[in-house]
2 protein chains.
Amino acid sequence: MEERQARTAFAALSQETRLRIVRLLVQAGPDGMAAGAIAEAVEVSPSNVSFHLKDLEHAGMIVPRREARSIIYSADFTGLRDLIAFLMKDCCAGHPEICAPALADARCGPPKAKKKARA
Amino acid sequence: MEERQARTAFAALSQETRLRIVRLLVQAGPDGMAAGAIAEAVEVSPSNVSFHLKDLEHAGMIVPRREARSIIYSADFTGLRDLIAFLMKDCCAGHPEICAPALADARCGPPKAKKKARA
DNA sequence: TCCTCATTTCAATGATTGTTGAATTGTAGG
DNA sequence: CCTACAATTCAACAATCATTGAAATGAGGA
């Protein structure tokens, strides 16, 4: 992933409404959600959600598809994956020992049995 | 990491000069670099670099220490690590199989022997 | 103490970005 | 074809952010 594209993605995720949309769509999974449903869920006007959806799409964080009268958006897992990879490459550049703990800490999937309070 | 803090970090990394500073400091490692040296490296005015350094510090991406007349900044690997963890938690929420490839792809350390063109 | 160097702070300006409501496009059903 | 509905586009305005140069702070050396 290029630096410019990464910056665009970071900018997209830095805005409250947009980050909420992304998290919502990640939760929703591949099925995605219609623009209207997203607007309702995040409580912003249709035109505003449309504005942010376009931004997220441009940033490669979500992907749209038409379905009847609705437009369904879903998380672009490839884009998210690439962004994580970009960040890790930077962070780990020459210092793998420092970033290795991130992997353990991020532990994909549901928490199995936390050892202590460690939110 | 809280969502609000993550947004601040994303915002910090979304700006060209700031992202360049972070990457520079990651490369520099724990020794870090003086503010003046950073300004020279990224080719912006001292006051401007100071503005961005403050922002990055606030975002938890870099950490300052005084050394004689200079102020030395270095990458905050803990902050970067936490941001990666935040992104992975989101991305992987319920979909570990989708994000797992990110780990292999980000491969900490120098590339060993790429199989093909896979930019 | 006085002087110098490194960095930060400040105020002003220009540039981006987010929000709003009205008008528009595009899809489906009667 | 006409109506209803989903979503987007547009123009305008408010708000936030980046850049600049001058002035201020703070640490060391003479």
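Order of the sequence lines sets the chain letters (A, B, ...), proteins ahead of strands, with each chain counted from 1.
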Find the distance [X]:[atom1] to [N]:[atom2] and express it as a whole number of Å.
{"X": "Ile62(B)", "N": "dT7(C)", "atom1": "CD1", "atom2": "C1'", "value": "13 Å"}
{"X": "Leu19(A)", "N": "dT17(C)", "atom1": "CG", "atom2": "C1'", "value": "17 Å"}
{"X": "Glu57(B)", "N": "dT8(C)", "atom1": "CD", "atom2": "P", "value": "9 Å"}
{"X": "Ile38(B)", "N": "dT8(C)", "atom1": "CD1", "atom2": "C1'", "value": "14 Å"}

Exercise. Looking only at heavy atoms, what is the nearest atom pair of Gln15(B) and Arg7(A), with distance?
Worked result: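 Result for this residue pair: C-CD, 3.6 Å.
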Exercise. Out of Arg18(B), Arg20(B), Glu57(B), which residue meets the side chain to side chain donor-acceptor pair (under 3.5 Å) rule with His52(B)?
Worked result: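 Exactly one option meets the side chain to side chain donor-acceptor pair (under 3.5 Å) with His52(B), and it is Arg18(B).
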Exercise. Among residues 2-18 of chain A, which residues get a heavy atom nearer than 4.0 Å to DNA chain C?
Worked result: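 Contacts with DNA chain C under 4.0 Å: Gln15(A), Arg18(A).
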Problem set entry | CD/Glu3(B): more than 12 non-hydrogen atoms of other groups inside 6.0 Å |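 Yes, because the 6.0 Å sphere around CD of Glu3(B) holds more than 12 heavy atoms from other groups.
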For this session: Evaluate whether atom CZ of Arg65(B) has more than 12 neighbouring non-hydrogen atoms of other residues, nucleotides or ligands under 6.0 angstrom away.
Result: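 Yes, CZ of Arg65(B) has more than 12 neighbouring heavy atoms, counting only those of other groups under 6.0 Å.
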Exercise. For dT19(D), does OP1 or OP2 lie under 4.0 Å from any side-chain N or O of His52(B)?
Worked result: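 Checking dT19(D) against His52(B), a side-chain N or O does come within under 4.0 Å of OP1 or OP2.
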Exercise. Once you round to the nearest 0.5 Å, how far does CE of Met33(A) lie from CG of Leu53(A)?
Worked result: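 Here the rounded value is 10.5 Å.
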For this session: For the pair Ser50(B) (side chain) and Ser47(B) (backbone), establish whether a donor and an acceptor sit closer than 3.5 Å, ignoring hydrogens and angles.
Result: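 No.
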Exercise. Does Arg23(B) reach the main-chain N or O of Leu25(B) with its side chain, forming a donor-acceptor pair under 3.5 Å?
Worked result: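 Checked: no pair found.
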Problem set entry | Per-nucleotide protein contact string for nucleotides 5-10 of chain D (B base, S sugar-phosphate only, - none; heavy atom under 4.0 Å) | BSSBB-
For this session: Mind checking Ala68(A) for me? I need base, sugar-phosphate or nothing, with any heavy atom below 4.0 Å counting as a touch.
Result: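 The residue Ala68(A) makes sugar-phosphate contact but no base contact.
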For this session: Show your working on side-chain contact (heavy atoms from CB on, under 4.5 Å) between Ser74(B) and Val63(B) and close with a plain yes or no.
Result: CA-CA 5 Å; Ser74(B) 36; Val63(B) 66; 3.8 Å; yes
